[in-house]
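Worksheet for the structure shown next.
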Amino acid sequence: MAEKKGLIKEFSKGIIAENPVLRLVLGTCPTLATTTSVESAVGMGLAASAVLVCSNVAISALRKVIPDKVRIPAYIVIIASFVTIVQMLVKAFMPALDEQLGVYLPLIVVNCIILGRAEAFASKNPVLASALDGLGMGVGFTVALFLMSSVREILGAGTFYGISVPFLAENPMLIFILPPGGFFVFGVLMAAVNRLAEKKGKPRAELRGCEACPMAHSCALNKKEESKEEVSKK
Amino acid sequence: MTKELFSILLTAILTQNFVLAKFLGICPFLGVSKKLNTAVGMSAAVIFVMALATAVCYPINKFLLVKNDLEYLQTIVFILVIAALVQLVEIILKKYIPALYSALGIYLPLITTNCAVLGVVILNVDEGYNFAQSMFNSVGGGLGFMVAMVMFAGVRERLESCEIPKFMQGLPITLVAASLVSVSFLGFTGIVENIFG
């Protein structure tokens with residue numbers, strides 16, 4: 001029973017408490033770029049989720065085989081393979097979505113959520129837990145993209161999933177689907193989420209930059225700033 | 001010919017800015033833009049790696065992948081080439097040009113997972129650019145990244161001394177500021193067509 005509860009928690013933590021976009025501030029590029037319409041945002045969310053679940057399962061299953069020293073390149077190969085598979089499926093069955101996502105579909109490879117989960121979770125946990133963790137994070141990512149894109153499409157194009165919204169359809173505020181609108185809506189959404197988190201006594205979401213980055217261990221930027229601080233303390 | 005190349009260069013810097021219009025490389029844009037000198041160092045490393053990655057990936061794509069009908073391997077091959085390239089550059093710089101390494105080296109590992117580098121390589125293939133066009137697009141993209149980073153570092157230094165409502169502090173106000181910088185770049189719309197059209 002306790003085990004079951006643990007597994008449910010692995011799944012549910014990604015949706016709200018540790019939402020990859022709104023709480024951990026990862027995967028900002030696709031969040032800003034593909035949320036001009038609900039359709040492309042949900043497509044992006046689902047494609048990334050599929051890659052996330054598959055790569056988590058594969059990496060977790062291979063975690064004892066992959067040598068520690070070359071684990072990052074090994075993860076990148078695994079992730080890139082699944083991205084290629086998803087790319088081919090989307091091209092074959094949803095050519096319209098492929099056109100909308102364009103370059104951002106292959107760029108799922110460098111989405112920090114996926115490499116981050118591989119490094120932080122799948123490399124240390126059994127297959128089932130990793131699959132659920134990937135699924136939860138994927139759902140959380142999709143939900144965040146859905147929220148962003150709903151606001152942007154309704155205000156910017158006057159439609160919702162292609163259905164026109166009364167009043168707004170006649171005078172859409174184009175700026176919301178242009179690049180500045182992406183930054184603006186994301187900023188306001190983060191402010192709202194931070195406010196809610198503060199009310200519940202949780203810490204605000206901050207851009208962690210380095211800590212959350214899967215490359216942090218090999219990156220000297222942290223170390224350099226630390227040593228600078230030490231010097232200034234002395 | 002030269003006209004076309006410069007139009008590609010200016011488009012990549014101004015109207016189709018990698019950060020502010022295409023949303024590539026947002027992580028370093030928000031993460032490393034707090035101070036001007038780190039912003040410049042990071043952008044210099046990005047320009048260098050983008051140009052190098054394009055110079056290496058273009059022949060690999062043309063003479064290896066396209067010739068043998070292996071285009072479907074592009075994503076895997078490109079990311080591996082970029083990752084290997086970044087490691088190699090790091091090792092070479094460390095050994096032979098320590099001065100440059102101490103200036104750029106610390107940013108190099110961050111760049112492997114920077115979507116701007118993989119993005120520019122894939123965009124060059126998608127657009128069907130030849131070698132010269134690809135190089136101009138990459139360098140232009142890198143310069144555009146630098147322009148955006150430097151401008152934004154200036155904006156953020158001013159933000160530090162402002163009184164900001166509590167709920168907007170930190171990431172939200174940074175994003176809203178980025179939105180305003182992005183609006184200013186919308187002003188360049190059409191300028192390239194006017195100069196070269």
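Just so we're on the same page: letters track the sequence lines, and every chain starts at 1. A quick note: this is a predicted structure, and the numbers were derived from the prediction, not measured.
- B/L171 contributes atom CG, which lies 10.5 Å from atom CG of A/L189 (distance to the nearest 0.5 angstrom).
- Classified by interplanar angle (parallel below 30°, tilted 30° to 60°, perpendicular above 60°), the ring pair A/F183/B/F29 is tilted.
- No other option in B/A21, B/A177, B/S184, B/P28 has as many heavy-atom pairs under 4.5 Å with chain A as B/A21.
- More than 12 heavy-atom neighbours from other residues, nucleotides or ligands sit within 6.0 angstrom of NZ on A/K13.
- Considering every non-hydrogen atom in both A/V103 and B/G119, the closest pair reads CG2-O, 4.1 Å.
- A 4.5 Å side-chain heavy-atom check between A/V77 and B/L80 finds at least one atom pair inside the cut-off.
- In this structure, CZ in A/R195 is found 8.5 Å from NZ in B/K166, a value given to the nearest 0.5 Å.
- Remark: A/L97 CG is packed, more than 12 non-hydrogen atoms of other residues, nucleotides or ligands lying under 6.0 Å away.
- Only the side chain of A/T84 has a heavy atom closer than 4.5 Å to any heavy atom of chain B.
- Contact check for B/L186 versus A/I175: side-chain heavy atoms found under the 4.5 Å cut-off.
- Here the shortest heavy-atom pairing between A/A191 and B/F167 reads CB-O, 3.7 Å.
- Here A/P106 is the residue among A/P106, A/A192, A/G27, A/P73 with the most heavy-atom pairs under 4.5 Å with chain B.
- Atom CG in A/L32 sits 10.5 Å away from atom CG in B/L20 (nearest 0.5 Å).
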Chi angles and distances behind the side chain to side chain contact (heavy atoms under 4.5 Å, CB included) call for A/F184, B/L175: CA-CA 6 Å; A/F184 184 75; B/L175 284 164; over 6 Å; no
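- Under a cut-off of 6.0 angstrom, the local environment of CZ in B/F188 is crowded, with over 12 non-hydrogen atoms contributed by other residues, nucleotides or ligands.
- The local environment of CD in A/E99 is sparse, with at most 12 non-hydrogen atoms from other residues, nucleotides or ligands closer than 6.0 Å.
- Counting heavy atoms from C-beta on, the side chains of B/L24 and A/L107 come closer than 4.5 Å.
- Taking each heavy atom of B/S179 and A/P180 in turn, the nearest pair found is OG-O, 3.1 Å.
- Of all non-hydrogen atoms in B/I76 and A/S81, the two that sit nearest each other are CD1-CA, 3.8 Å.
- Contact of the B/I26 side chain with the A/C29 side chain is registered, since non-hydrogen atoms from C-beta on lie closer than 4.5 Å.
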